Amino acid sequence: MAQAFGVDVGGTGIKAAVVDLDSGQLVTERVRVETPKGGKPKPVVETIAGLVADAKWDGPLGVAFPAVIRHGVAHSAANVDKHWIGTDVAQLVEDATKVRPTVLNDADAAGLAEIRHGAGAGVDGVVLVLTLGTGIGSALFVDGTLVPNTELGHLELDGHDAERKAAELAREREGLSWKQWAHRVEHYLKHVDALLWPDLVLLGGGVSKVADKWLPYIDVRPPVKPASLRNEAGIVGAAMATADPVAGR
Ligand code: BGC
């Protein structure tokens, strides 16, 4: 039974568990610790190492991080501390844990979990997974194969960075009703559709739990469904990335 330790690094919490790669199920209880204040590389990596040590894990290790990640190195920092840009995350984690990790973008991780074990399981063609949270993350799949590091949350929409207007945080910040926010998301999805023409769009993030409140207001060409793995998608996908040929490249 192939297993890997998945770590999902977010702005407020770092979550981890051992995952069974065949079923996508958590093998151990999900652990969550606070992200160190400021979210700078060294304390975050120390926290990751603490989780690995507590689990007494020395097998495959996957880490999902909210930035562009190519060959272990972070190349962007839209919603995280700017010190991450240029940081070799994989090297820092390896130094601290003695395990060489696979590091990948957080939305790519969530997407991997959804396409294999969630709402996208068995779906061929072009599938786009979007996570709506503090920002908008994207994961693009063609017949189940990931196209890593798409950053569709940063498309320009009416002169703005799209995630600034259509992420879940925009709804909170601007006090929008579910209907008002759904219209923002619809506008964004129409823009994305005109560029990519996906066969299916999956919407993830915390809001997927309450999809009945807003999804009915969204009317776009491609089928749109809520993601189904919720909280665990990042952990499961981080673990799955250890066996994926393109994740984090
Ligand atoms: C970042 C992406 C990330 C997304 C979700 C965006 O601001 O640019 O890399 O996947 O937020 O966390």
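Everything quoted here is computed from the prediction, not taken from an experiment. Just follow the structure's listing: the first ligand is 1, and inside any ligand the first atom is 1.
Remark: ligand 1 atoms within the under-4.0 Å shell around heavy atoms of Glu163 are 6 (C), 7 (O), 11 (O). Using a 4.0 Å cut-off to heavy atoms of Gly137, the atoms of ligand 1 that qualify are 4 (C), 5 (C), 10 (O). Listed by atom number, the atoms of ligand 1 under 4.0 Å from Pro66 heavy atoms are 9 (O), 12 (O). For ligand 1, the atoms closer than 4.0 angstrom to any heavy atom of Asn105 are 2 (C), 3 (C), 9 (O), 10 (O). Listed by number with element, the atoms of ligand 1 under 4.0 Å from a non-hydrogen atom of His154 are 1 (C), 6 (C), 7 (O), 8 (O). Each of the atoms 4 (C), 6 (C), 11 (O) of ligand 1 lies under 4.0 Å from some heavy atom of Ile136. The distance from ligand 1 to the heavy atoms of Ala78 drops below 4.0 Å at these ligand atoms: 7 (O), 8 (O).
Taking the charged nitrogens against the carboxylate oxygens, Lys98 and Glu94 have no contact shorter than 4.0 Å, which rules out a salt bridge.
In this structure, a donor-acceptor pair under 3.5 Å is absent between the side chains of His75 and Asn149.
In this structure, the protein non-hydrogen atom closest to atom 10 (O) of ligand 1 is Asp106 OD1, 2.5 Å. Residue, atom and distance of the protein heavy atom nearest to atom 9 (O) of ligand 1 are Glu151 OE2, 2.7 Å.
Counting heavy atoms under 4.0 Å from ligand 1, residue Thr134 does not touch it at all. Residue Ala67 touches ligand 1 through its backbone alone, judged by heavy-atom distances below 4.0 Å.
Applying the side-chain contact (heavy atoms from CB on, under 4.5 Å) test between Asp143 and each of Val126, Ile115, Asp124 identifies Asp124 as the sole match. Tested against Pro198 for a side-chain contact (heavy atoms from CB on, under 4.5 Å), the candidates Leu130, Asp193, Val224, Leu189 yield a single pass: Asp193. Of the options Val103, Val73, Val44, Ile48, a side-chain contact (heavy atoms from CB on, under 4.5 Å) to Val89 is made by Val103 and by none of the others.
A centroid separation of 6.0 Å or more is found between the aromatic rings of Tyr217 and Trp181.
In this structure, the side chain of His191 does not engage the main chain of Glu186 through any donor-acceptor pair within 3.5 Å.
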Begin from the C-alpha positions of Glu34 and Arg32 and carry the test salt bridge (charged side-chain N to carboxylate O under 4.0 Å, His left out) through to its verdict. CA-CA 7 Å; Glu34 295 291 305; Arg32 182 190 187 278; 3.0 Å; yes
